[in-house]
Amino acid sequence: MSTPSLGLVVPCFNEQEILPKTINQLSTYLESLVQSKVINEKSFVLFIDDGSVDCTWQIISEEQKRNAYIEGLKLSKNFGHQNALLSGLLSCKNKVDCIISIDADLQQDKRAIKDFIAEYNSGFDIVCGVRNNRKTDSSLKRITAEFFYTLMKLMGVNLLRNHADYRLMSNKAICALSQYDEGNLFLRGIVPTIGFKQSTINFDVKEREAGESKYTPMKMLSFALSGITSFSIAPLRLVSALGLLFTLISLLMLLYVLIAKFFFNDVLSGWASIVIPIYLLGGIQLLGIGIIGEYVGRTYIESKGRPRFIIEENTLD
Ligand code: UDP
Ligand code: MG
């Protein structure tokens with residue numbers, strides 16, 4: 001079997017602190033893999049500048065001129081991690097045999113790359129990296145992640161636990177991915193639905209060596225919402241179920257009031273039983289409208305079919 005060519009895809013948002021180190025480490029590692037004939041010399045690392053406002057693009061474009069293994073893609077503004085990643089994956093379509101996506105902060109162990117390639121060589125089209133533990137995460141991130149996985153499972157979406165976006169995809173899988181049109185992107189949910197032969201490998205995660213996490217709590221929350229709304233309509237069903245439940249409860253209450261009036265003539269008591277349901281039902285109705293609104297809003301955005309990313313410069317072309 002011939003040695004495959006590899007495209008490493010690295011989305012970067014304001015990563016000037018760590019980028020020189022990342023470029024150096026990844027290109028040196030890629031070169032060593034080429035020399036040991038794990039991958040061939042058509043391989044490259046593609047850095048995507050997701051609308052950074054610091055020197056990220058200057059660093060990428062200067063390195064690209066010096067180093068044959070480095071390529072760069074500049075987006076016209078910040079489109080967010082998932083869209084930046086997608087722009088990189090789609091730009092590699094038909095240019096290499098397989099791609100691996102990895103973060104710019106070197107938190108994911110790069111030595112797992114050869115394990116990914118070994119899986120690819122044994123015939124897998126999609127290989128997902130699963131982190132061995134979450135020791136390097138803050139406790140807030142750990143708890144919210146656990147809560148999110150459990151919630152998704154309850155809603156019928158089976159996500160691979162502790163798999164982020166460190167994964168290999170063959171060119172065949174990338175071609176399949178390019179047929180997905182959705183703008184509400186949650187790649188780790190979409191990839192399993194592509195099919196083909198899929199497997200996993202394990203890797204270690206380190207602390208971020210420089211710069212700060214680009215995933216603010218707000219970005220994390222919006223990412224989780226994307227995951228839920230793009231894969232499950234369970235929350236909408238929950239609204240209907242709650243509606244039904246409270247209709248039944250209010251019918252029972254009506255029965256109770258009628259019995260109290262006709263058999264015991266005891267109607268003045270029960271202020272609470274009138275006032276509390278008003279607040280409760282008001283709250284539940286607002287919540288229900290909110291959940292429906294979330295889906296309607298996303299359908300509206302999706303219906304516009306706006307581009308998911310806009311490329312300003314691409315050294316691969
Ligand atoms: N990132 C991006 N666009 C964004 C936010 C993040 O391209 O709007 C990139 C970022 O540069 C990094 C990767 O996505 O390469 C993961 O982000 P980060 O390491 O900050 O997230 P964390 O590991 O803290 O979850
Ligand atoms: Mg990180």
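Computed from heavy atoms alone, side chains included, the values below leave out hydrogens, waters and symmetry copies. Every number for a ligand or one of its atoms is a count from 1 in the order of the listing. Since we're looking at a predicted model, the values are computed, not measured.
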Quick one: do [X] and [Y] make a salt bridge, cutoff under 4.0 Å?
{"X": "Lys77", "Y": "Glu312", "answer": "no"}
{"X": "Arg208", "Y": "Asp105", "answer": "yes"}
{"X": "Glu15", "Y": "Lys21", "answer": "no"}
{"X": "Lys206", "Y": "Glu209", "answer": "yes"}

Using salt bridge (Lys or Arg N to Asp or Glu O under 4.0 Å) as the criterion, list what pairs up with Arg142, not counting sequence neighbours.
none
Is the closest side-chain donor-acceptor distance between Ser178 and Lys93 under 3.5 Å?
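Indeed, the side chains of Ser178 and Lys93 share at least one donor-acceptor pair under 3.5 Å.
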The Mg ion (ligand 2) - number of protein N/O/S atoms closer than 2.8 Å
2
Measure centre to centre between the rings of His81 and Phe13, then say whether the value is under 6.0 Å.
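For His81 and Phe13, the ring centres are not under 6.0 Å apart.
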Check for me whether the distance between the ring centres of Tyr166 and Phe116 falls short of 6.0 Å.
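Here the rings of Phe116 and Tyr166 have centres that are less than 6.0 Å from each other.
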Sequence neighbours left out, what passes side-chain hydrogen bond (donor to acceptor under 3.5 Å, both in side chains) with Asp137? Give chain and number order.
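Here the qualifying residues are Arg131, Arg134.
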Listing by chain and number, which residues have a heavy atom under 4.0 Å from ligand 1?
Pro11, Cys12, Phe13, Glu15, Asp50, Asn78, Gly80, His81, Asp103, Ala104, Asp105, Gln107, Lys141, Arg208, Ser213, Lys214, Tyr215, Lys219
